[in-house]
There are 2 protein chains.
Amino acid sequence: MPPSSARAPRSDAVNNRARILAVAADAFAASSGVSMTAVAKQAGVGVGTLYRHFATREELIVELYHHEIQKVIDLAHSLAADLPPLDALRRWFEEVARYGKLKHGVSEVIHAATNGGLDDKNYQPFLGAIAALLDAGVATGELKPGTDPEDVLLQLSVLWRIPPGEGAEARADRILELILDGLRTRPQAPAPDPAPDLQDDLPTPSGRSGTATRTPSPA
Amino acid sequence: MPPSSARAPRSDAVNNRARILAVAADAFAASSGVSMTAVAKQAGVGVGTLYRHFATREELIVELYHHEIQKVIDLAHSLAADLPPLDALRRWFEEVARYGKLKHGVSEVIHAATNGGLDDKNYQPFLGAIAALLDAGVATGELKPGTDPEDVLLQLSVLWRIPPGEGAEARADRILELILDGLRTRPQAPAPDPAPDLQDDLPTPSGRSGTATRTPSPA
DNA sequence: AGATGAAACGGAAGGGCTTCCGCCTTGCCC
DNA sequence: GGGCAAGGCGGAAGCCCTTCCGTTTCATCT
């Protein structure tokens, strides 16, 4: 390729970048709540320098974890090749969820992506991974055709917003299942008749999950 | 009731609260990017006072919009009563999406809710609204039983994260449909046999079919 | 009216992300 | 080797949300 407009990068810049990444890797490994200022200080550079290299916090994180991201992407492709489409999709979803919990970075990246703040370098392959899984399912007729990978990614981003604690894991599973069902093809029902034949008698129609009507809150 | 522990609220507090709300209503109507400091200044109080009345930015917004929220909640109940369950649900989803776009507040509130930062006063009725819609569908057998309204709310929260512009509206529609399908019951396929009888043989499992990557909308 | 204590007030301060801009280093060319 | 721009560097500063705490005000009790 023609070396047209790009001078060689300056050596100090190269060093700084490397040092920043090294420091940041350590810092984020210890805890995900690391401030840009802290990273800069530890790396022995000013914040300005930090921001010269990584225009935004997200961008730094993306860089840090793009390795992990790549693993997730690769996994998608291999699952798509090895497993029945639905299983592949489910497994991948679970894996994504798991990654997001363990390595906080993956979720941050997806978050960045769904916020539009991710450049093609990481975003496109991710979409490609999803597309591969979807395509496999479309091919066997188990998944609806025409689903946009970006939409799926957006739906997945919900996973990182589950408040942690108690039943977080179960909840993630439930939601994954909902997403999955949304993606599947819908077999023709033999009897679309809306008559409720199974429900004999429910004395209390609102029986379950605290359908409590509003509290009498005065304005 | 015993006037046990609650003194009458002080008059200055009452006045300040009212003034803050009035000012904030105007400010947020003009643009959603209003800082707490700005609100406090315009209301002629210190930030400390502002925060005494509304412990957090979200809380102020919730208070501002809880009127709109109530409308959405009421709508859910009346739709659930008047329309076939699936239509009711779809219509309500659409309305929620629309509200979120127009009045920025509704979405902020849902965002707060799904972040766990919303107290019962607004959160529970919202869940109740969703539960009503779900229950109606469960009763007719069109929706899966046992879906947690909170999960649905979380899924809806995705709507506010669609980057605005170009095909945002269409995308919201697509996603709503995905969510909806995830909630529906899955009719028994006549042939539950896993053998693919329609597909002869797909030699290339990785062949990218129609799910071509969408053109990345210009960020 | 005067005293008194609980609650409200105000704004400085802390911590975060990001931008801006004057100064300095590096690498190239003469 | 010396000069010169391009680009990197550093950190102050701007804006945000929120917390803290000394000071002030209100409502009540004497």
Side-chain angles (χ1 to χ4, degrees), chain A residues 3-21 23-24 27-28 30-64 104-105 108-109 111-112 115-119, chain B residues 2-21 23-24 27-28 30-64 104-105 108-109 111-112 115-119 219:
Chain A
S4 51
S5 54
R7 279 195 188 215
R10 254 167 63 167
S11 61
D12 53 351
V14 172
N15 286 342
N16 280 334
R17 189 170 210 280
R19 200 141 25 82
I20 289 171
L21 277 174
V23 163
F28 275 90
S31 109
S32 62
V34 189
S35 75
M36 293 301 263
T37 312
V39 171
K41 200 176 302 180
Q42 272 202 44
V45 303
V47 276
T49 301
L50 176 50
Y51 273 87
R52 163 162 296 278
H53 287 289
F54 306 97
T56 182
R57 185 175 209 278
E58 307 270 22
E59 202 170 304
L60 170 60
I61 297 178
V62 166
E63 193 64 32
L64 276 179
H104 193 96
E108 296 241 28
V109 171
H111 188 247
N115 277 345
L118 196 46
D119 54 4
Chain B
S4 51
S5 54
R7 281 196 189 214
R10 255 167 61 167
S11 60
D12 52 350
V14 172
N15 286 342
N16 279 335
R17 190 171 209 281
R19 200 140 26 82
I20 288 171
L21 277 174
V23 163
F28 275 90
S31 108
S32 61
V34 189
S35 78
M36 294 300 261
T37 313
V39 171
K41 200 177 303 180
Q42 272 200 43
V45 302
V47 277
T49 301
L50 175 50
Y51 272 88
R52 163 163 299 276
H53 288 289
F54 306 96
T56 184
R57 185 175 208 277
E58 308 269 21
E59 202 171 302
L60 170 59
I61 297 179
V62 166
E63 192 64 33
L64 277 178
H104 193 97
E108 296 241 27
V109 172
H111 187 247
N115 277 345
L118 195 47
D119 54 3

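Lettering of chains follows the sequences in order, A, B, ..., and the numbering in each one begins at 1.
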Nearest heavy-atom contact between A:T37 and A:V47 is CA-CG1, 3.9 Å

(request) May I ask you to evaluate whether B:T37 reaches the phosphate of D:dC16, defined as a side-chain N or O under 4.0 Å from OP1 or OP2? (result) no

Separation of C:dG10 atom P from B:N15 atom CG, nearest Å, is 12 Å

Which of D:dC26, D:dC9, D:dG8 is nearest the side chain of A:H53? It is D:dC9

Give a yes or no on whether a donor-acceptor pair under 3.5 Å exists between the nucleobase atoms of D:dG7, that is its base, and the side chain of A:R10.
yes

Of D:dG10, C:dA8, D:dC17, the nucleotide closest to the side chain of B:Y51 is D:dC17

The reported gap from OG1 in B:T56 to CE in B:M36 (rounded to nearest 0.5 angstrom) is 6.5 Å

Rounded to whole Å, the CD1-P distance (A:I61 to C:dC17) equals 9 Å

A:E59 CD to C:dT18 P, in whole Å, measures 10 Å

Taken to the nearest whole Å, NZ/A:K41 to P/D:dA12 is 11 Å

Here the distance between atom P of D:dC17 and atom CZ of B:R57, to the nearest Å, is 5 Å

Of the candidates D:dT18, C:dG16, D:dC9, the side chain of B:T56 sits closest to D:dT18

Taken to the nearest 0.5 Å, the spacing of B:L21 CG from B:R19 CZ works out to 11.0 Å

Value for CG (B:N16) from CZ (B:R10), rounded to nearest 0.5 Å, stands at 10.0 Å

Of the candidates C:dC17, D:dG11, C:dT26, the side chain of A:V47 sits closest to D:dG11

Walking DNA chain C from its 5' end, the first of A:R52 and B:G48 to be reached, judged by nearest nucleotide, is B:G48

Separation of D:dG8 atom C1' from A:R19 atom CZ, nearest Å, is 13 Å

The nucleotide from C:dC17, D:dC9, C:dC9 with an atom nearest the side chain of B:N16 is C:dC9

To the nearest angstrom, the CG-P distance between B:D12 and C:dA8 comes to 8 Å

By nearest-heavy-atom nucleotide on DNA chain D, the more 5' of B:P9 and B:S35 is B:S35

In whole angstroms, the gap separating C1' of C:dA8 from CG of B:L50 amounts to 13 Å

To the nearest 0.5 Å, atom CD1 of A:I20 lies from atom NE2 of A:H53 at 5.0 Å

